[in-house]
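Just below is one structure, and these are the notes that go with it.
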Amino acid sequence: MNPLAALLLLVGLGLSPAAPAADRRPNVLFLFSDDHAPSAIGAFDERFAALDPTPRLDAFAREGMLFRRSFCTNSICGPSRAVILTGKHSHVNGFRKNGDRFDGSQPTFPKLLRAAGYRTALIGKWHLGSDPEGFDHWDVLPGQGDYYNPVLVTAAGRRRVEGYCTDVVADLALDWIEARQDDDAPFLMMCQFKAPHRNWMPALRHLDLWDDVDVPLPETLFDDHADDASPARAQEMEVGRHLNLVYDLFLEPDDAWDPNAGTALDASGFRNLGTMTSAQRATWDAAFADENAAFRAAALEGEALVRWKCRRYLKNYLRTVRGLDEAIGRILDRLDALGLADDTIVVYSSDQGFFLGDHGWYDKRWMYEESLAMPLIVRWPGVTPPGSTCDALVQNLDHAPTLLDAAGVDVPADMQGRSLVPLLRGETPPDWRDAIYYRYFGHPDVHDVALHYGVRTQTHKLIRFPATDEWELFDLVADPDERTNLFGRAGTAPLAAALAQRLGELRESYGDE
Ligand code: CA
């Protein structure tokens, strides 16, 4: 039978022919975490090399392309997720700050892939208020979710699953992928982890990891922000003043502890201790007992206390990262074993960066580099040169157009991002963007970060704080830690004016008045 006759026969039988491998639309495996700073990934930064937190992600980066200038548009969980789904800035997709409710009726890239014949699934953290739309299957954590024995929600209802959240989410994602084995349609799997979000609860198997390793503290831990605009001194995200010994660092409450004292409190981890099984709780308590007793006996004060708090915070954060790294390694191994790796684009990213004691802080929200940056690694066999890096300015705004473009689906004209596909092929278009636009909407809100917006180019950053009529200007080449605010200094007026003009142009082009 000639090929055309065979095709007609299949069509006549109501069967769709399996496309030749070279023409198959790729599967998309979107691996996503929460608050994972690039500086906590070995492939991006040597800072924690002594602890080697991410061996699997580092190996994954050697197989794909690592984006060194990947940024969010609005450094906070829900908004970043909404930007990724829609390819539109927060003021356009309507989800400006945590607590907003995502309008699921608007076009999103999973909906468009599904309409084009993709099977679509979402597992893990969602955090957008409304029920997910555009997915054949979804199974999500309510709100922030719990680290231990998490509740998961499907269209059919809620249930509690015993285990460590990162492992549970990976297992559920793998179950769905394996069930696709006899399905010829390509798939989109969005596997979205809670880790390494506050309150940084590691897996039981990692509680003793790095006990004898000295975690390096950032050089800017005792930044006094004397040179910054005033909002940097008014925030509530300091390791010293705001990180809570009981809620965040898991000391036993003592007689002096007031559960309601302080600001920027997050008791979710403390509550989650109460929903552990008795065996889990016993292992947890035993792991911290000696170190906690030694801490109480030492009665640290001042900078010594801040250093201790930062070390405890960083070790637990990095332990949750190691759990994430293991889960990702397990998923990638299974993709290989199922023979799917060559047909699957794998993306790793996180909703924003995070302060790991940098500038004295934990949390995110600011346009400063540590929270503006998002990790981004993409492996697309046959397309991304293995072990390559890209220095073009990219944003979470670009994920939707990229994945649609990669699947051969038309990108809606009103999406505001741009497809990264040329970059993934190793080619930077000559008209690629020269600047990114950022805007943070979350005030008043926890951590008391002022409203601000700004522009970042390859070399400079200008930030505007409208409430206090202040500006900040940084030279990112000479001053990558953003210690010296050049705004108002002699000789910088022409540069500030040029950046302010570029900022105005970006605001106009994105329709943000
Ligand atoms: Ca986040």
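For the single chain, residues carry numbers from 1 onward in sequence order. First listed ligand is number 1; within each ligand, the first listed atom is number 1. Bear in mind the structure is a predicted one, so any value in this text is a computation, not a measurement.
- Here the options are Y510, Y453, Y440, the test is ring pair (Phe, Tyr, Trp, His ring centres under 6.0 Å), and the partner is H89; only Y510 passes.
- Electrostatic pairing of R365 and D363 counts as a salt bridge here, judged by a charged N lying under 4.0 Å from a carboxylate O.
- Between the OD1 atom of D35 and the SG atom of C77, the angle centred on the Ca ion (ligand 1) amounts to 120° when rounded to 10°.
- Between R312 and E291 there is a salt bridge, since a side-chain N of the basic residue sits under 4.0 Å from a carboxylate O of the acidic one.
- Checking H197 against the Ca ion (ligand 1), every N/O/S atom stays at or beyond the 3.0 Å cut-off.
- Taking the ring centroids of W200 and Y147, they lie at or beyond the 6.0 Å cut-off.
- The N, O or S atom of D34 lying closest to the Ca ion (ligand 1) is OD1.
- In summary, S80 places no N/O/S atom under 3.0 Å from the Ca ion (ligand 1), failing the contact criterion.
- Between R119 and D136 no salt bridge is recorded (no basic side-chain N to carboxylate O distance below 4.0 Å).
- Our summary of the site lists the angle at the Ca ion (ligand 1) between OD2 of D351 and OE1 of Q352 as 90°, to the nearest 10 degrees.
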